[in-house]
Protein chains: 2
Amino acid sequence: MMVVSQDTTAGSRPTPIGATGSGAVPQALARVKAFIEPRLDHALHLSADASPRLLESMRYALLAPGKRLRPALVLWAAEACLPGAAAGSSPQAWATAAGAAVAVEMIHAYSLVHDDLPAMDDDDLRRGRPTCHRAFDEATAILCGDALQALAFETLVGNLPAAVAARGCRVLAQASGAEALVGGQSDDLAAERGWFDQSEAPAGRDAQVAWMERIHRRKTGALFRAALTLGGLATGADDRQLAALDGYGRAFGLAFQIADDILDAEGSEATTGKRVGKDAERGKLTYPTVLGLSESRRRAESLAAEAVSMLSDLPSSADDLRHLASWIVTRDH
Amino acid sequence: MMVVSQDTTAGSRPTPIGATGSGAVPQALARVKAFIEPRLDHALHLSADASPRLLESMRYALLAPGKRLRPALVLWAAEACLPGAAAGSSPQAWATAAGAAVAVEMIHAYSLVHDDLPAMDDDDLRRGRPTCHRAFDEATAILCGDALQALAFETLVGNLPAAVAARGCRVLAQASGAEALVGGQSDDLAAERGWFDQSEAPAGRDAQVAWMERIHRRKTGALFRAALTLGGLATGADDRQLAALDGYGRAFGLAFQIADDILDAEGSEATTGKRVGKDAERGKLTYPTVLGLSESRRRAESLAAEAVSMLSDLPSSADDLRHLASWIVTRDH
């Protein structure tokens, strides 16, 4: 019997990051899309007990055009932690983590549907198409989000190895809840609408940056980190690997948010598919309005480098994650 | 070492149900309230990352006055399936199932908050108090529901024995999702608002009854059944016991709904704490409008008897469930 070490690539050198590496990110994301979108579709093949109009709205929201960044984080974290996996598409790692990737995208999709509601951000356009409550109606959009959240947990636990399903469920629930995604959104709205005591409003640059970080860490960062953790858990990551992924996720999430603010400040509606300059219109705190564009860019790049450095102990199968961090702060949409 | 059989009551005769038995239900429910309400409160002791306004709304919604019927089903199903447990309050059964009981009540509370929203049923009053969006605002009520749903899954898996946590999560997610709670609510709204093809509208008494059953089985019945299953799973119920609980839950859920429709038709605002005659006002299909009051009462009583008969193989520790079924169709609020 031939014994094959499961750990052959654990000591291999990560690929250096440069123009070639990060230029490959759109192609790598395209592979993720091709893998995950049929699975998103399949996850919505529900029984006749699902209300037809509701199901149509769930398809509309979940299958909307998107980068599938969160599924990519799940799948790439899974391949980064599966001994012997190669970067780019490890069939075994991806298959094991597919349910978690679908679940995280469902949470993301539901949060967008609810955020767009008239009582929330009141947006008519999302990813270049009418928002869910414009394409359907407000009640259906509320229920669509509710049902996608429930389906996320059902999909997650039904598709993770049993030994980690309960832990994975806790990770996803925490990232989605009052202390993370929903809490960040709530504080963000409270600030926009002046619901809190004005003495609590952040004054001065440092306090404003700290305030933004506290919002974004919960509103967008927590789900990125959960995606990475779930990917790692799916392929049996140990505590050291999970800590590396989490460190990456913290820095990556903030880099992503700063880059997003920069795009909003300077982007065009045609490229981003949403109304731009919206933040400035609303007088909302953003990195460019607080720090200026060039300091914002500098911070985003520094955070991207920090994210990459967190993965120093992971093998070359973590290269997709490394390239992604560099790409996220240079993309134009 | 003294060996105590864990199965001493398994063959004991169930207590006959009569005026005395069902008269004890309010006291039994009071014991459930005393047990569960501090635990609901405790489950909302979140970190400082939880948005203060959001957390306040979650407390308002979850700790609102209520019968705690769903937690009772969880706890009583748990004691019905724990070998050697006695009816009334088995500390071991209740402790094991407490997290599941809290989780089910969170799902119930979130669904009420969302159902009351202006875009949904547009109710100002719930359990005699302003609804969540009236006490706070619409955005907070949407987020409150979202956060309670996430917290339900977090609480469930963090407090069930690991071996059944993943299965329990799937049970709760299915009961909460597009094929059950949310799907039933969506079809109910669609009917009220004439969103479906009028040729699909049920014509004739039998079709109307079948239609109502299809709605209620999902909108209210599924969560009752999940409560019972979760209670059983918590204390290690076998397939036969789970089937008995599920059969009880099917009949109980429908009996509950018919009784609720009857209360709405004849109740007074002071007793039920919500506007009555609302169903009739809206021209909504209900059991009394379709079947008349006396036939509705007959059906509710027959279903309650059916529910009790499903428990024939369970020991006397299932008596609280037996009494509840009789009580639910005779209560006046």
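A, B, ... follow the sequence lines: proteins, then strands. Residue 1 opens every chain.
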ask   = From A/I142 CD1 over to B/I142 CD1, what is the distance, rounded to the nearest 0.5 angstrom?
value = 5.0 Å
Most contacts with chain B, counted as non-hydrogen pairs under 4.5 angstrom, among A/H133, A/R217, A/Q185 = A/R217
So, for [X] and [Y], which heavy atoms are closest and what is the spacing to 0.1 Å?
X      : Y      : value
A/L46  : B/A178 : CD1-CB, 3.8 Å
B/A139 : A/R193 : CB-NH1, 3.6 Å
A/S51  : B/R218 : N-NH1, 4.3 Å
B/A173 : A/A150 : CB-O, 3.5 Å
A/V157 : B/A166 : CG2-O, 3.7 Å

key: Matching residue for B/V182 among A/L148, A/L143, A/L151 - test: side-chain contact (heavy atoms from CB on, under 4.5 Å)   =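 Of the listed residues A/L148, A/L143, A/L151, the side-chain contact (heavy atoms from CB on, under 4.5 Å) partner of B/V182 is A/L143.
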I'd like to verify something: which residue of [options] has the highest number of heavy-atom pairs under 4.5 Å with chain A?
options                       : answer
B/G183, B/G168, B/C144        : B/G183
B/C169, B/G177, B/A165        : B/C169
B/S57, B/G158, B/S176, B/A147 : B/A147
B/R170, B/E138, B/M58         : B/R170

inquiry  = Working note: B/L172 + A/F153, criterion side chain to side chain contact (heavy atoms under 4.5 Å, CB included); need CA distance, chi angles, decisive distance, verdict.
reply    = CA-CA 9 Å; B/L172 188 63; A/F153 289 104; over 6 Å; no
ask   = Is the shortest side-chain N to carboxylate O distance from B/D49 to A/R214 below 4.0 Å?
value = yes
ask   = Can you list the steps and then say if B/D146 with A/D146 is a side chain to side chain contact (heavy atoms under 4.5 Å, CB included)?
value = CA-CA 7 Å; B/D146 291 346; A/D146 292 346; 3.5 Å; yes
query = Measuring heavy-atom distances to chain B, does A/A48 have an atom under 4.5 Å in its side chain, in its backbone, in both, or in neither?
reply =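 The backbone, not the side chain.
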request  = Could you tell me which portion of B/L54 (side chain, backbone, both or neither) has an atom closer than 4.5 angstrom to a non-hydrogen atom of chain A?
outcome  =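 For B/L54, the contact with chain A is made by backbone and side chain together.
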ask   = Should we say atom NE2 of A/H45 is surrounded by more than 12 heavy atoms from elsewhere, each under 6.0 Å from it?
value = yes
task = Look only at the side chain of A/E179 and the backbone of B/S47, and say whether a donor-acceptor pair between them is shorter than 3.5 Å.
result =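 Such a contact is found between A/E179 side chain and B/S47 backbone.
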